[in-house]
Amino acid sequence: MPAFQTVRGMRDLIGEEAEAFTHIITKARETALLYGYKEAITPHVEPLELLSAKSGEEIRQRMFIFKDLGERLVALRPEFTASIARLATTSLKNEPKPLRLFSVGTVYRYDEPQRGRYREFWQSNFELMGSAKPEGDAEIVLITNNLMKSLGLHSYAFKIGHIGVIRGILSQDGVDEKTQNAVLQRMDKKEYEAALKLVESDKCRSMLEGLIAIRGNDWLDTVEQLQTYLAGYEKAKSAVDNLAEVLKLVTQSSELTVTVEPAFARGLEYYTGMIFEIHIPGLDIALGGGGRYDKLIEAFGGEPTPGVGCAHGIDRIAIALQTQKTVIDAKIGKKVVVVPITETMKSEALKIAQQLRAAGITVEFEVMGRKMAKSLEDADKRKADYAVIVGERELAEGAVVLKELANRQQTTIPIEKLGEKIKS
Ligand code: HAM
């Protein structure tokens with residue numbers, strides 16, 4: 001039989017890489033706790049209808065779809081938002097608002113695999129449901145800022161826009177929703193020429209062209225520019241006003257770098273308001289993104305409930321941490337190997353190993369039955385700090401030999417002092 005490989009676009013994460021993921025997930029969970037978000041664990045497999053209803057063409061074309069043995073058309077979740085919106089219309093329907101829900105896990109998209117783009121990837125996801133206020137939008141942006149900061153990332157910047165600006169311009173010109181979605185999809189991919197080709201009216205096209213040229217790091221200045229530019233486009237202007245309120249809240253309460261880009265769009269179709277992404281220099285892919293979706297829950301048959309949320313790409317954050325050489329301050333205390341000198345010492349040695357673990361020390365027990373020299377050689381390779389050697393003679397006096405592997409110095413030490421000594 002040939003050696004098996006992972007399915008294209010899916011990866012094994014081993015050792016340090018897996019630890020980096022766990023570290024990011026831990027920080028995301030801590031952030032959720034700080035902001036009062038409850039964790040929700042939902043299935044990886046959902047009805048196709050739920051996942052495709054409002055996600056948009058981009059996601060619909062990339063789902064892993066199959067029929068289960070009961071002939072149900074199902075798919076692997078490509079994101080969390082649809083599942084959480086399902087919860088808001090079913091089991092959490094009567095919960096007091098706002099709902100704050102956090103999820104973390106793998107999601108699946110049939111993307112073209114490359115660095116930072118996989119077919120199975122991890123997201124940490126935050127959804128705030130029930131608030132239509134700019135402070136809701138601000139909370140989601142601040143959560144993202146908090147997570148990036150707590151991970152030690154630097155030089156990251158938020159790209160912020162509002163889906164209502166482009167839609168406002170298009171709808172004033174009578175462009176139907178389907179065409180609007182097609183335009184937005186191309187704008188999301190920065191295929192501006194293709195996007196503009198879909199717009200028939202010259203005036204509307206030139207409005208969009210002008211919009212694409214407007215962007216800036218001074219949000220007040222960019223907002224003022226936009227308000228002048230959009231004179232006569234009331235819907236688009238009120239979208240800018242709403243964006244300005246969100247920007248005011250986030251910039252006055254926190255330190256963060258923001259670029260306002262009114263022509264920026266996102267691949268998902270359910271957005272109705274503020275949208276954002278997070279980027280770092282030198283990495284051409286977003287570390288996370290999100291936005292406001294005020295019509296999704298009602299489209300799923302629930303009471304009209306506004307919502308805003310975001311997801312962070314854990315695989316990409318791991319790359320960013322590596323790129324920025326951010327040291328992960330993961331646990332890693334002292335590591336010890338415990339080696340019985342003879343067969344008869346095995347139980348006693350195991351007992352000591354258990355005592356050390358109970359004291360919070362990482363212990364690798366000699367499970368290969370190797371002789372001392374081989375075992376110590378292996379301990380060096382595994383980067384252990386100490387070897388605890390359990391021999392009959394010392395044990396008779398309630399002691400063991402503790403060998404510091406870096407300098408090969410060894411001392412005989414009473415078992416009850418062992419944990420303390422290793423930790424010191
Ligand atoms: P999204 O922008 O599609 O938004 O995905 C969020 C993040 O997932 C991206 O910014 C990126 O970091 C990561 N990501 C996306 N595709 C891939 C891939 N193929 N490989 C690795 N990482 C990837 C959503 O999923 C929305 N549900 C966010 C949201 C929540 N909006 C409102 N609530």
Side-chain angles (χ1 to χ4, degrees), residues 8-11 13 21 24 28 37 40 42 46 50-51 53-64 76-88 99-129 131 136-137 139-141 143-144 147-148 151 153 156 158-159 161 163 184-185 188-189 264-280 283-297 305-321:
R8 186 163 147 78
M10 312 214 177
R11 302 184 296 159
L13 300 166
F21 271 58
I24 299 164
Y37 282 64
T42 57
E46 293 271 18
L50 170 92
L51 298 175
K54 282 281 156 194
S55 55
E57 215 36 52
E58 174 73 17
I59 293 275
R60 275 196 286 273
Q61 283 173 3
R62 294 178 192 278
M63 268 196 278
F64 283 81
L76 294 179
R77 62 185 181 199
E79 54 147 358
F80 286 100
T81 310
S83 303
I84 302 301
R86 172 178 58 68
L87 285 183
L99 282 176
R100 288 189 166 93
L101 293 165
F102 164 74
S103 301
V104 62
T106 49
V107 295
Y108 302 83
R109 294 182 195 173
Y110 205 80
D111 278 332
E112 195 46 40
Q114 51 194 278
R115 187 166 180 253
R117 197 176 295 282
Y118 310 101
R119 290 182 179 169
E120 177 185 68
F121 57 97
W122 287 74
Q123 283 189 341
S124 74
N125 188 85
F126 293 77
E127 307 291 354
L128 171 61
M129 292 166 166
S131 163
D137 303 65
E139 179 165 302
I140 290 296
V141 173
I143 283 175
T144 301
L147 177 59
M148 300 297 144
L151 284 165
L153 280 173
Y156 58 86
F158 284 86
K159 178 160 91 177
I163 212 72
L184 286 166
Q185 240 177 63
D188 169 45
K189 293 196 191 132
F264 144 64
R266 297 206 356 98
L268 291 146
E269 221 163 84
Y270 48 62
Y271 293 119
T272 55
M274 179 278 301
I275 47 170
F276 75 95
E277 279 180 1
I278 183 122
H279 291 267
I280 58 162
L283 204 62
D284 197 26
I285 43 181
L287 301 188
R292 173 165 287 284
Y293 52 89
D294 286 349
K295 301 278 178 244
L296 184 61
I297 295 170
T305 309
V308 56
C310 63
H312 311 112
I314 291 172
D315 304 67
R316 293 184 184 178
I317 294 174
I319 294 175
L321 289 173

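Side chains are part of it too, since the values below use all heavy atoms of this structure and drop only hydrogens, waters and symmetry mates. Every number for a ligand or one of its atoms is a count from 1 in the order of the listing.
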Quiz item: Which residues satisfy the ring pair (Phe, Tyr, Trp, His ring centres under 6.0 Å) test with Tyr37, sequence neighbours excluded?
Solution: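 Ring pair (Phe, Tyr, Trp, His ring centres under 6.0 Å) check on Tyr37 returns Phe126.
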
Quiz prompt | ring pair (Phe, Tyr, Trp, His ring centres under 6.0 Å) involving Tyr156 - partner list, sequence neighbours excluded | solution =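 Per chain and number, Tyr156 pairs via ring pair (Phe, Tyr, Trp, His ring centres under 6.0 Å) with no residue.
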
Quiz prompt | Electrostatic pair Arg109-Glu120, nearest N-O below 4.0 angstrom | solution =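 No.
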
Quiz item: Taking 4.0 angstrom as the limit, do Arg266 and Glu277 come out as a salt bridge?
Solution: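 A salt bridge links Arg266 with Glu277.
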
Quiz item: salt bridge (charged side-chain N to carboxylate O under 4.0 Å, His left out) with Arg62: which residues, sequence neighbours excluded?
Solution: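 With sequence neighbours excluded, Arg62 shows a salt bridge (charged side-chain N to carboxylate O under 4.0 Å, His left out) to Glu58, Asp111, given in chain and number order.
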
Exercise. Would you check if there is a donor-acceptor pair between the side chains of Thr106 and Tyr108 at a distance under 3.5 Å?
Key: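 Yes.
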
Can you pull every nitrogen or oxygen pair between ligand 1 and the protein closer than 3.5 angstrom?
residue  : atom   : partner : partner atom : Å
ligand 1 : 2 (O)  : Arg266  : NH1          : 2.9
ligand 1 : 2 (O)  : Arg266  : NH2          : 2.9
ligand 1 : 3 (O)  : Arg109  : NH1          : 2.9
ligand 1 : 3 (O)  : Arg109  : NH2          : 3.0
ligand 1 : 4 (O)  : Arg266  : NH2          : 3.0
ligand 1 : 5 (O)  : Gln123  : NE2          : 3.2
ligand 1 : 8 (O)  : Gln123  : NE2          : 3.2
ligand 1 : 10 (O) : Gly288  : N            : 3.3
ligand 1 : 12 (O) : Ala286  : O            : 2.9
ligand 1 : 12 (O) : Leu287  : O            : 3.3
ligand 1 : 12 (O) : Gly313  : N            : 3.4
ligand 1 : 19 (N) : Asp111  : OD2          : 2.7
ligand 1 : 19 (N) : Tyr118  : N            : 3.4
ligand 1 : 19 (N) : Tyr118  : O            : 2.8
ligand 1 : 20 (N) : Tyr118  : N            : 3.0
ligand 1 : 22 (N) : Arg316  : NE           : 3.4
ligand 1 : 25 (O) : Arg109  : NH2          : 3.0
ligand 1 : 25 (O) : Gln123  : NE2          : 3.1
ligand 1 : 27 (N) : Glu79   : OE1          : 2.5
ligand 1 : 27 (N) : Thr81   : OG1          : 2.9
ligand 1 : 27 (N) : Tyr270  : OH           : 3.1
ligand 1 : 31 (N) : Tyr271  : OH           : 2.7
ligand 1 : 33 (N) : Thr81   : OG1          : 3.3
ligand 1 : 33 (N) : Glu127  : OE1          : 2.9
ligand 1 : 33 (N) : Glu127  : OE2          : 3.0
ligand 1 : 33 (N) : Cys310  : N            : 3.3

